[in-house]
A.B. asks: 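For reference, the structure I am asking about is given below.
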Amino acid sequence: MSEKILLIDGHSILNRAYYGLPELTNSEGLHTNAIYGFLNILFKTIEEEKPDYLTVAFDLHAPTFRHQMYEAYKGTRKPMPQELREQVPVMKDVLAAMGVCMISKEGYEADDLLGTLAKKSEEKGMEVTVLSGDRDLLQLASSHICIRIPKTRFGKTTVEDYFADDVKEKYQLSPQQIIELKALMGDASDNIPGLPGVGEKTATKILLEYGNVENAYAHVEDIKPNKAKNAFLEHYDLAVLSKKLAAINIDSPVDYDWESARIKDFYTQEAYDFFKELEFKNFLSRFEDTGAPAEAEKSFSTVTELDQAEEIIGKARQKPELGLHILKENGVFLGMGLSFSDEEKVLSYCFLPQGFLTEAYLLEQAQMLCQEAAMVSSLDVKSMLRHMDLENHTKMFDAGIAAYLLNPLKSAYTYDDIAKEYLGEMLPAKEDLLGKLNYTKGMKDQEEQAALSVCYMAYVALKSREPLKKALEETEMLHLFTDIEMPLLFTLSEMEKEGIRVNAQALKEYGDQLYVRILELEKEIYQEAGEEFNINSPKQLGVILFEKLKLPGGKKTKTGYSTAADVLEKLAPDHKLVADILEYRQLAKLKSTYADGLAVYIGEDERIHSTFNQTITATGRISSTEPNLQNIPIRMELGRLIRKVFIPRDGYVFTDADYSQIELRVLAHMSGDEKLIQAYQEAQDIHRMTASQVFHVPFDEVTDLQRRNAKAVNFGIVYGISSFGLSQDLSITRKEAAQYIENYFETYPKIKGFLDGLVTEAKEKGYVTTMFGRRRPVPELRSSNFMQRSFGERVAMNSPIQGTAADIIKIAMIRVGKALKEQNLKSRLLLQVHDELLVETAEDETAQVSTILEKEMKNAARLAVSLEIDMHTGSNWYEAK
DNA sequence: CAAGTGCGG
DNA sequence: CTCCGCCGCACTTGT
């Protein structure tokens, strides 16, 4: 059997992969989608073809012989987007690390090198496969040379194979005639001219009749479509030139040694390191023994018998350090993972609640282990605390939070991700083990796999602690982790367990009242519109408003008309229908999300227990889910009324304290701008003060409009201002907005320098930091896309401010929680809403609670300006604001 | 599952 | 000139 060679058109395949795959970056922000796609196609082709030799050809930047023939020739020198260009050198490095033979030659394109090698290999009796995204290469096809063209459609890659016969079948032309075809019809991407008015159809017809360009010209008078005939007469020289440009040089002067192209083992240590850096998880699993760091022997077992469990837990009690995971899904306990080191081995167990091995027993043992061990690591300590009471904060290590601090942009911190990143181990993810099954179903149908997954969680928690801690030290975030995030976790856990009392009866009545009005509005709307339709469907609504009734508004979204409130508000004064729709929307929102939405979360204890997530946001804020209690209405009175259903337990009141403009105060401090600092020291009303200074009017003569504008500018500055955004906000021209901003920066001269400095820092380091060292990477700043880059700039300006404010209130929460306990108060922290804390306060403790809130919130950080709070008490959340 | 919309800071 | 201000979560429709 003859030997096989695989030849690859490097740039062409990279291009295909780049445009065929969604954007992909590693944690450093390096784009990797083209490299990923290239390797995917490479591996797939090699598996299918099993070639003996492999060579990848690349173009060089230097002009080629074609440029000398024809000035306007573009060839492959099309401009490449930055996101693709940065991947080319990395791709070459990766291939070099894999020991892949690469070739390029000044003055020649990759096509020419491929053509030359293809023909020479064919002469040596080899079977040749040429992989390219470019159909030009079809001219090389023969009975031994196959051109493979990968096509990406709907995310799936299919490959078309062309031997000479296939070319003929598809194009009715011989491979040779593909050159003629291109000469006649031209090629816009290479800037090869071709004949005007001659497309693929006509060109093919002419070639079928006359064979080639020269012969066609010899019979030019017979050429059928008159347009083509004239084009021939006028531009024959062009067609001849194009033919020369289109023809691949199959006799390029290359030094090539087939032996150096023989395929060796790709999976070298070097390649492994590259794949790891690029975070190509799928490919890493191709490395078997090579490269992977030596791993301690590990054993995983499932435990279902009580005596067995007692023995293992007894052994675990002797160990200084444990990995632990408690698996609950939908409130049902499914198992417990436990991991520890034992004589050079790592033992991991999954305990399943069966027979005598009960949930109660296992949770009790878990609590005991946590109290006794010197160190317990878990991927999610807070979820574990739901089932036990623990005091000592210092010996717990939350690997999920550590991983979050190290890269807050990830959407999840799963055991396989952490293992890959911090242990260099490729573990099967939950999805690999259970597919789409959840753990509840997995434990039923795939118990072994599900149990293994639980073992891995405990295992990774145990083993990743050291590397995570080291990474936190290196990034100077250990303090943030140890002194803020870890203690906060306990505070948040207590808040979740505490929950907040809700008057279900009142909530139901509120919803019923809304519904009465909703039905009224619905009727009126149908009448005004002249037909019934689904008001909740933006699509149907758009048709009614902008097509049937022909209201001005036009298109805005990619799918059709925008019916968003800011659009409808402009129409509402003139059209009762639109005004009614806006009211309907408002009520429907309140009913579905709040009245009905909250009701389902009220527990047996009359309380709602939200979940506070600590590892979600890019900036360091916490988020609240199931339900979200951080977006309860307040701005509109009707919505605000909902707060009356949030009530304290009997004998208690609510104390609510919120920071006054914490972000602007953080800005004043971080920028060090004396004028802004001074403004805060002098004035109670910072927006009026800003207006006075920006618009050069005395403080007492500031108009309401001026104050409102100044307020918008203050907000804008914090958000990473742009004249466009501000102009939208204030309904003014961009020019005016730009003027406001300029005035602002003149008034507070250090602000601009500070914000610019943040962007510069982000560009240099790749991330920005808060006052407490929290990091946020800003990979968008490397993008060649203007919008992406601008986004990166705004993020660089906003994140340190929002993040520092988040750090401060976290500190306050920890201290408030601690003070309540130390003073043996019954009062408890219930909610945090970004700059606000809500405390359920025993009636006889109101004075102490106020003192604690005031003291701990104001002193949470020492800034150049004071931190001020507004505080209220009330018998429900409405009255406490 | 994405898109549109709207609630909060 | 680019035409977006930042950070979230939940509900509804429609493919």
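A, B, ... follow the sequence lines: proteins, then strands. Residue 1 opens every chain.
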A.B. asks: What range of DNA chain C does chain A touch, first nucleotide to last, counting atoms under 4.0 Å from its heavy atoms?
C.D. replies: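 Footprint of chain A along DNA chain C, 5' to 3': C:dT2 to C:dT15.
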A.B. asks: Mind checking A:Glu836 for me? I need base, sugar-phosphate or nothing, with any heavy atom below 4.0 Å counting as a touch.
C.D. replies: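 A:Glu836: no heavy atom of the nucleic acid under 4.0 Å.
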A.B. asks: Measure from CG on A:Leu831 to C1' on B:dG8 and round the result to the nearest Å.
C.D. replies: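 Nearest whole value for this atom pair: 13 Å.
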A.B. asks: Using 30° and 60° as the class boundaries, would you call the ring planes of A:Tyr748 and A:Tyr744 parallel, tilted or perpendicular?
C.D. replies: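 Rings of A:Tyr748 and A:Tyr744: perpendicular, over 60°.
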A.B. asks: With the side chain counted from C-beta on, respond yes when A:Arg708 and A:Leu705 share a heavy-atom pair under 4.5 Å apart, and no when they do not.
C.D. replies: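 Heavy-atom side-chain distance check passes, below 4.5 Å.
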A.B. asks: Would A:Lys591 and A:Tyr515 count as a cation-pi pair here, with the cationic atom under 6.0 angstrom from the ring centre and within 45° of the axis?
C.D. replies: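 Pair A:Lys591/A:Tyr515 counts as cation-pi.
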A.B. asks: With the threshold set at 4.0 Å, does a side-chain nitrogen-carboxylate oxygen contact exist between A:Arg774 and A:Glu485?
C.D. replies: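 Counted as a salt bridge, because a side-chain N and a carboxylate O are separated by less than 4.0 Å.
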A.B. asks: Just one of A:Ile535, A:Ile525, A:Leu549 clears the side-chain contact (heavy atoms from CB on, under 4.5 Å) bar with A:Ile544, so which one?
C.D. replies: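 Option passing the side-chain contact (heavy atoms from CB on, under 4.5 Å) with A:Ile544: A:Leu549.
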A.B. asks: Convert the base pairs of DNA chain C into dot-bracket notation, remembering that pairs crossing earlier ones are written with [ ] and that bases paired across to another strand are shown as |; include only Watson-Crick or G-U pairs under 3.5 Å.
C.D. replies: .....|||||||||.
A.B. asks: Distance check, C1' atoms only: B:dG6 and C:dT2, in whole angstrom units.
C.D. replies: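 My reading of the C1' atoms in B:dG6 and C:dT2 gives 28 Å.
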A.B. asks: Of the residues in residues 612-632 of chain A, which ones touch DNA chain B at a heavy-atom distance under 4.0 Å?
C.D. replies: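 Heavy-atom cutoff 4.0 Å gives A:Arg621, A:Gln630, A:Asn631, A:Ile632.
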A.B. asks: May I ask you to decide whether A:Glu520 forms a salt bridge with A:Lys523, counting only side-chain N to carboxylate O separations under 4.0 Å?
C.D. replies: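 Looking at A:Glu520 and A:Lys523, the cut-off is not met.
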A.B. asks: At their closest point, which heavy atom of A:Ile811 faces which heavy atom of A:Ala860, and how far apart are they?
C.D. replies: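 Result for this residue pair: CG2-O, 3.7 Å.
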A.B. asks: Using the P atom as the point on both nucleotides, what is the distance between C:dG5 and B:dT5, in whole Å?
C.D. replies: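 Those two atoms are separated by 13 Å.
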A.B. asks: Is the Lys NZ or Arg CZ of A:Arg734 less than 6.0 Å from the centre of A:Phe724's six-membered ring, within 45° of the axis?
C.D. replies: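 No - A:Arg734 does not lie over the ring of A:Phe724 by the 6.0 Å and 45° rule.
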A.B. asks: Would the base of B:dG8 count as contacting A:Arg640 through its side chain, where contact means a donor and an acceptor less than 3.5 Å apart?
C.D. replies: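 Side chain to base: no pair present.
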A.B. asks: Check the distance between B:dT5's P and A:Asn534's CG and give it to me in whole angstrom.
C.D. replies: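 For the pair A:Asn534 CG and B:dT5 P, the rounded distance is 14 Å.
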A.B. asks: If you look at every heavy atom in A:Tyr680 and A:Gln661, which pair is closest and at what distance?
C.D. replies: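 Heavy atoms only, the tightest pair is OH-OE1, 3.3 Å.
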A.B. asks: Please classify C:dG5 as syn or anti, treating any glycosidic angle within 90° of 0 as syn.
C.D. replies: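 Glycosidic conformation of C:dG5: syn.
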A.B. asks: Please classify the nucleic acid contact of A:Ala588 as base, sugar-phosphate, or nothing, using heavy-atom distances under 4.0 Å.
C.D. replies: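 Contact class for A:Ala588: none.
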